[in-house]
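Read the structure below first, then the notes.
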Amino acid sequence: MQSIRGTKDILPLEISSWHALEHTIRLLTAQYGYQEIRTPIMEYAEVFKRSVGEETDIVGKEMYTFPDRGGDALTLRPESTASVVRAAIQHNLTAQQQIARLYYVGPFFRYERPQKGRQRQFHQFGCELMGAATPEADVEILTLAHDLMISLGIQSYQLQLNTLATPSVRQQFKASLVEYFSAFQSELSEDSKSRLISNPLRILDSKHPGDKALSVQAPSLLNMLDNESKDHFDAVLSMLDGLGIPYSLNPRLVRGLDYYSHTVFEITSTSLGSQDALGGGGRYDHLFEHFGGKHTPCIGFGFGMERLLIAQAAENTPEIQRKADVYVIGFETSESRSAVIRFAHTLRMNSKKSIITDVQNRSLKAQMKEADKLGIEHVIIIGPDEASSGTCIVKHLKTGMQYTKQQNNTDGLFEV
RNA sequence: GCGGGUGUAGCUCAGUGGUAGAGCAGCGGGUUGUGGCUCCGCUGGCCGCGGGUUCAAUCCCCGUCACUCGCCCCA
């Protein structure tokens with residue numbers, strides 16, 4: 001038996017880095033006043049089809065969709081924004097012009113060919129700021145994303161920014177792209193030929209050399225911006241400059257989901273290989289209406305947690321963490337070993353220390369070795385002699401100093 | 001979904017058409033109750049899985065599964 005393709009067990013050895021990551025996330029989101037939301041792992045397939053877009057890869061070929069026993073088409077969530085918006089409308093979280101600052105952490109599912117940093121079940125952390133259309137809102141989200149990188153010690157990241165303008169400007173832009181590329185249809189890659197119909201913006205993003213060459217002369221959205229789009233984007237950029245947050249403009253940055261407009265961004269890292277995006281996001285001002293809610297401008301991002309951990313591990317040497325604080329050692333006689341069990345239990349009741357004892361009837365030497373390997377701070381020896389005299393030996397492993405103490409008084413046991 | 005690579009002890013990897021090795025880890029010991037260094041010894045492997053060729057396959061062929069690199073796309 002094996003785990004399902006593209007799914008992974010997170011083992012004890014790696015769980016501490018997950019805990020640390022989640023801890024950082026909770027601290028940071030609290031600093032910005034974001035609150036957690038936990039939505040179901042399944043939604044009606046409709047939720048994602050309507051929001052993410054029928055033509056996108058996610059909906060077109062990556063969703064885990066299946067009929068339940070009642071015949072409803074359910075989908076294992078491939079991303080979170082759609083679910084969070086659905087929940088926000090259902091529970092009226094943005095009623096009376098309220099701002100909602102939300103974050104989420106959890107598993108997501110996409111049926112894709114696995115690769116490094118790409119699994120069928122993966123985990124995302126994301127934030128959504130709902131109810132504000134201002135460039136200040138964009139900057140809050142971008143700053144949060146930036147701070148996350150800093151908190152995690154990820155230096156090698158790059159923040160790329162672009163604007164997708166308003167839907168109507170983008171529509172004109174698409175039309176001019178189609179017009180331009182249609183003239184060179186025979187020179188386009190197979191992928192881009194189909195993109196010409198499905199999503200012409202994506203041609204700009206192609207890695208195919210021929211496509212790249214053609215893209216150089218292609219119309220630019222930045223030249224077609226209306227005042228609203230331009231003012232908004234410029235305001236975002238100048239605030240980022242003021243904050244000293246580094247970014248680079250990438251006019252080819254096109255997000256794969258239909259619901260974005262205005263500011264879009266991606267954070268990439270060179271330590272990831274081919275799947276180089278740590279996270280991305282953007283403004284989605286019209287998603288609420290798509291779901292039948294009232295107009296609510298929003299911006300948010302999502303980060304791949306596996307990818308964050310990969311990038312983090314590539315740049316930081318992990319600290320060896322202690323698996324327990326105290327090792328209580330007994331040996332040779334049953335009196336010794338049962339005294340150990342009693343004493344360890346007393347200690348656990350009276351202190352917050354984590355305490356380990358041997359359960360394999362091993363020698364003193366073997367237990368000492370294990371204590372050393374576990375990074376234990378104090379060893380307590382209750383051998384046959386100590387067991388009969390009611391004493392114990394407390395030894396500090398780093399210094400090698402040891403003292404004899406009474407078992408019946410655990411106060412100041414670890415002090416000299 | 002498409003193309004390439006890999007799959008041998010817990011881990012990192014050697015290896016040969018006649019059913020296997022190293023280093024690390026683990027365990028035990030170095031005179032009788034003390035770890036880290038060192039020395040000695042020991043345990044441990046359906047050589048991914050299924051089929052084929054062969055007297056014989058871990059090694060050759062086919063399939064399959066998983067991982068991995070790239071494409072697509074994204075987190």
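Just so we're on the same page: letters track the sequence lines, and every chain starts at 1. Note that the structure is a prediction, hence the values are computed from the model and not measured.
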(message) Can you identify which nucleotide, out of U34(B), G35(B), A75(B), has its nearest atom closest to the Asp372(A) side chain?
(response) G35(B)
(message) If I take atom CD1 in residue Ile393(A) and atom C1' in nucleotide U34(B), what distance separates them, rounded to the nearest angstrom?
(response) 8 Å
(message) In the structure I gave you, are the side-chain heavy atoms of Thr346(A) and Met349(A) within less than 4.5 Å of one another anywhere?
(response) no
(message) In whole Å, I'd like the distance from the CD atom of Gln115(A) to the P atom of C69(B).
(response) 6 Å
(request) Can you check whether any acceptor in the base of A75(B) is under 3.5 Å from a donor in the side chain of Glu112(A), or vice versa? (result) yes
(request) Sequence neighbours left out, what pairs pass ring-ring contact (aromatic ring centres under 6.0 Å, His included) with at least one residue falling in residues 5-52 of chain A? (result) Trp18(A)-His123(A)
(request) Could you check which of G1(B), A75(B), G33(B) has an atom nearest any side-chain atom of Tyr111(A)? (result) G1(B)
(request) Using whole Å, report how far CE of Met63(A) lies from P of C73(B). (result) 18 Å
(message) Measure CD1/Ile203(A) against C1'/C73(B) and give the value in whole Å, please.
(response) 15 Å
Name every donor-acceptor pair, under 3.5 Å, that has one atom in a side chain of residues 102-114 of chain A and the other anywhere in the protein, sequence neighbours excluded.
from	atom 1	to	atom 2	distance (Å)
Tyr103(A)	OH	Arg26(A)	NH1	3.1
Arg110(A)	NE	Pro78(A)	O	2.8
Arg110(A)	NH2	Pro78(A)	O	2.9

(request) Looking at every strand, decide which applies to Lys116(A) at a 4.0 Å heavy-atom threshold: base, sugar-phosphate, or nothing. (result) sugar-phosphate
(message) Without decimals, in angstroms, what is the distance between Tyr327(A) OH and U34(B) P?
(response) 16 Å
(message) From the set G33(B), A75(B), G30(B), return the single nucleotide nearest to any side-chain atom of Lys365(A).
(response) G30(B)
(request) Mark yes or no for a side-chain to base donor-acceptor pair under 3.5 Å between Arg113(A) and C72(B), with no hydrogen or angle criteria applied. (result) no
(request) Measure from the side chain of Arg118(A), starting at C-beta and using heavy atoms only, and say which of A75(B), C67(B), G29(B) lies closest. (result) A75(B)
(message) What does the B/S/- profile of nucleotides 39-44 of chain B look like, 5' to 3', with a 4.0 Å heavy-atom cutoff to protein?
(response) ------
(message) Is there, by distance only and without an angle test, a donor paired with an acceptor across the side chain of Gln367(A) and the base of G33(B) below 3.5 Å?
(response) no
